[in-house]
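Each remark here refers to the structure printed beneath this line.
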Amino acid sequence: MSSADTDFIDLKVLSRELLLDSTDVGPKRTTSLHARRTPLAEPAAQFRALNAVDLSGGPTGTGAFDADLAASGWPALTPAPLEIFQINVGKLCNMTCRHCHVDSGPDRTEENMHRDAVDACLAAIDQIMAAPDSALHTVDLTGGAPELNPHFEYLVDECVARGLHVIDRCNLTILLVRRYQHLPEWFAERGVEVACSLPHYRKLGTDAQRGDGTYEKSIKALHRLNEAGYGQGDPKRVLTLVTNPVGAFLAGNQASLEDEWKAALAKNHDVTFDRLFALNNMPMSRYLEWLLEKDMTEAYLERLVNAFNPATIDGLMCRNTISVSWDGRMFDCDFNQQLEMDAAIPFTHIADFNLDAWQARQIRTARHCYGCTAGSGSSCGGATA
Ligand code: SF4
Ligand code: SF4
């Protein structure tokens with residue numbers, strides 16, 4: 001039996017456990033597009049929906065992202081030094097949130113990174129770190145719920161051993177699932193930063209987006225992280241919260257939201273955290289489905305285009321990040337990954353990675369990119385301007 005077969009069988013068992021485990025959090029907010037076999041599950045259908053909108057506004061009034069970049073002094077979007085190696089280890093998740101841009105859920109057992117691709121990522125990391133002017137400092141692990149990948153702990157340990165900062169993009173509720181309850185202390189021992197998604201510090205907004213019962217579970221998980229030493233100013237135990245608007249509007253001002261969140265969570269739940277990232281929702285996948293259902297796609301895109309801010313371009317995450325998918329393909333960012341816009345490079349698998357070719361590429365863009373350049377900008381690291 002190959003390691004790939006073993007992964008597959010384990011994940012089927014795990015998926016059943018997750019479905020059982022989720023019965024105590026009440027009704028789910030939705031199911032994956034993939035499970036429902038809706039046309040919008042395909043990136044081509046998402047591009048059609050976005051491109052069908054008649055957009056004005058922005059620097060050129062054309063709704064063409066490349067044209068607006070060029071008008072802002074960026075005739076081509078080119079890479080900056082590579083600082084962040086982001087791996088999307090799979091689409092399997094214990095939740096099925098309404099806004100998910102990955103279309104994750106307990107049904108996504110087949111899209112999970114196998115050990116050979118994990119090792120190919122580590123070899124690429126070694127190649128990048130060996131470059132004389134290497135700027136790589138962080139490995140950013142995302143999903144799905146990245147903790148569900150059978151090689152997650154191996155991957156974290158290998159990255160920590162290389163002296164890299166590791167970020168786990170955590171949905172909080174996974175820390176209450178039996179198999180994963182040890183993780184707060186396990187992360188603390190290794191200095192892993194935990195970046196936790198929480199739509200709002202109030203119950204209503206969080207449960208509306210993530211499913212009934214999510215809020216209570218999230219607060220419980222935050223208490224566990226606090227008990228493990230997270231969220232108290234220790235640079236080895238950084239607890240970041242990541243919020244995105246519950247609705248069709250832009251993320252608010254990150255700095256003032258952070259103050260508001262810190263005060264509210266401390267007062268209401270005695271929870272502390274270190275920093276807040278406020279992200280825009282990207283008009284794709286299940287969030288795009290929601291916009292289409294509410295007939296708000298045009299209004300939301302207009303809002304993004306009208307808020308186009310050239311000052312955000314320099315700090316776009318596609319410039320300093322490589323995004324690798326569960327099957328070892330490479331993308332300019334996690335959003336392009338979910339839309340299957342492979343990076344413009346002359347190789348297709350991370351096992352063939354070449355740093356010079358990666359740095360020489362031109363970044364691929366389309367209308368969804370307005371989500372990153374609106375207002376103060378939006379990236380996995382929060383605001384960009
Ligand atoms: S927790 Fe994250 S990955 Fe999982 S369904 Fe929700 S948004 Fe998607
Ligand atoms: S979606 Fe954002 S990060 Fe990705 S290529 Fe477009 S602008 Fe860059």
Side-chain angles (χ1 to χ4, degrees), residues 65-66 69-70 72-89 117-118 120-142 155-156 158-169 191-193 195 235 238 240 242 254 275 277 279 309-325 328-337 341-366 369 371-373 376-385:
F65 188 77
D66 282 348
L69 276 182
S72 308
W74 291 81
L77 196 53
T78 48
L82 181 52
E83 296 180 71
I84 300 168
F85 198 104
Q86 187 175 65
I87 311 175
N88 190 317
V89 294
V118 170
C121 285
L122 292 169
I125 287 170
D126 288 338
Q127 182 189 147
I128 299 163
M129 293 181 78
D133 54 352
S134 174
L136 190 77
H137 51 72
T138 294
V139 175
D140 187 343
L141 302 178
T142 187
L155 177 56
V156 170
E158 288 293 320
C159 295
V160 169
R162 285 163 169 78
L164 292 163
H165 180 63
V166 177
I167 300 174
D168 173 51
R169 301 226 164 235
V192 173
E193 177 178 350
V238 176
T240 300
V242 182
Q254 190 166 283
R275 55 184 181 159
F277 292 160
L279 313 188
N309 177 3
T312 62
I313 299 169
D314 191 46
L316 287 172
M317 64 180 168
C318 47
R319 299 197 62 233
N320 71 347
T321 301
I322 179 172
S323 165
V324 185
S325 61
R329 288 156 66 194
M330 286 145 289
F331 301 84
D332 300 307
C333 69
D334 196 53
F335 304 124
N336 285 9
Q337 181 181 140
M341 289 172 69
D342 291 68
I345 44 175
F347 43 92
T348 55
H349 195 275
I350 190 66
D352 302 316
F353 181 74
N354 177 281
L355 180 59
D356 292 336
W358 178 261
Q359 289 302 104
R361 82 197 191 283
Q362 188 168 324
I363 294 164
R364 298 182 65 195
T365 59
C369 295
C372 297
T373 52
S376 301
S378 184
S379 75
C380 288
T384 61

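Basis for what follows: all heavy atoms, side chains included, without hydrogens, waters or symmetry-related copies.
Side chain of N320 to backbone of E83: no donor-acceptor contact under 3.5 angstrom is found. Remark: the backbone N or O of G381 is paired with a side-chain donor or acceptor of S379 at under 3.5 angstrom. Between the side chain of E193 and the backbone N or O of T240 there is no donor-acceptor pair closer than 3.5 Å. A donor-acceptor pair is defined here as one N or O able to donate and one able to accept, closer than 3.5 Å; such a pair exists between the side chain of Q359 and the backbone of A80. Between the side chain of T312 and the backbone N or O of T384, no donor-acceptor pair lies under 3.5 Å. Side-chain atoms of R162 do not come within 3.5 Å of backbone N or O of C159 as any donor-acceptor pair.
Using a 4.5 Å cut-off on side-chain heavy atoms (C-beta onward), V238 and R275 make contact. Side-chain contact check for I313 versus L77: some heavy-atom pair is nearer than 4.5 Å. Taking the side chain as every heavy atom from C-beta outward, F331 and S325 approach each other to under 4.5 Å. The shortest distance between side-chain heavy atoms of L279 and V242 falls below 4.5 Å. Annotation: side chain of M129 is in contact with side chain of L164 (closest heavy-atom distance under 4.5 Å).
Nearest heavy atom pair, residue R329 against residue D342, reads NH2-OD1, 2.7 Å. For S378 against G371, the heavy-atom pair with the smallest separation is CB-O, 3.6 Å. Shortest non-hydrogen contact noted between A344 and R361 is O-CB, 3.3 Å. Smallest separation of non-hydrogen atoms from M317 and C380: SD-N, 3.2 Å. Residues A135 and P81 come closest through the heavy atom pair CB-CB, 4.0 Å. Taking every heavy atom of both residues into account, A357 and P346 meet most closely at CB-CD, 4.0 Å.
Exactly one of N88, V156, V192 qualifies for a side-chain contact (heavy atoms from CB on, under 4.5 Å) with L141. That residue is V156. Across I350, L355, I84, a single residue satisfies side-chain contact (heavy atoms from CB on, under 4.5 Å) together with I322, and that is I350.
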Trace of the side chain to side chain contact (heavy atoms under 4.5 Å, CB included) decision for V139 with V160: CA-CA 9 Å; V139 175; V160 169; over 6 Å; no

Salt bridge (Lys or Arg N to Asp or Glu O under 4.0 Å) between D332 and R364, intermediate numbers included: CA-CA 7 Å; D332 300 307; R364 298 182 65 195; 5.9 Å; no

Intermediate values then yes/no, side chain to side chain contact (heavy atoms under 4.5 Å, CB included), D314 and R319: CA-CA 8 Å; D314 191 46; R319 299 197 62 233; 3.0 Å; yes

Stepwise side chain to side chain contact (heavy atoms under 4.5 Å, CB included) check, R169 with Q86: CA-CA 10 Å; R169 301 226 164 235; Q86 187 175 65; 4.2 Å; yes

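One finds the CD atom of Q362 at 7.5 Å from the CG atom of D66 (value rounded to the nearest 0.5 Å). The OG1 atom of T365 sits 9.0 Å away from atom CD1 of I363, with the distance rounded to the nearest 0.5 Å. Rounding to the nearest 0.5 angstrom, the gap separating the SG atom in C318 from the CG atom in N336 is 7.5 Å. Atom-to-atom distance recorded for Q337:CD and M330:CE is 11.0 Å, nearest 0.5 angstrom. Atom OG of S134 is separated from atom CD1 of I125 by 10.5 Å, given to the nearest 0.5 angstrom. To the nearest 0.5 Å, the span separating CG on L82 from OG1 on T321 amounts to 7.5 Å.
Below 30°, between 30° and 60°, or above 60°: for F347 and F353 the angle between ring planes is above 60°, a perpendicular geometry.
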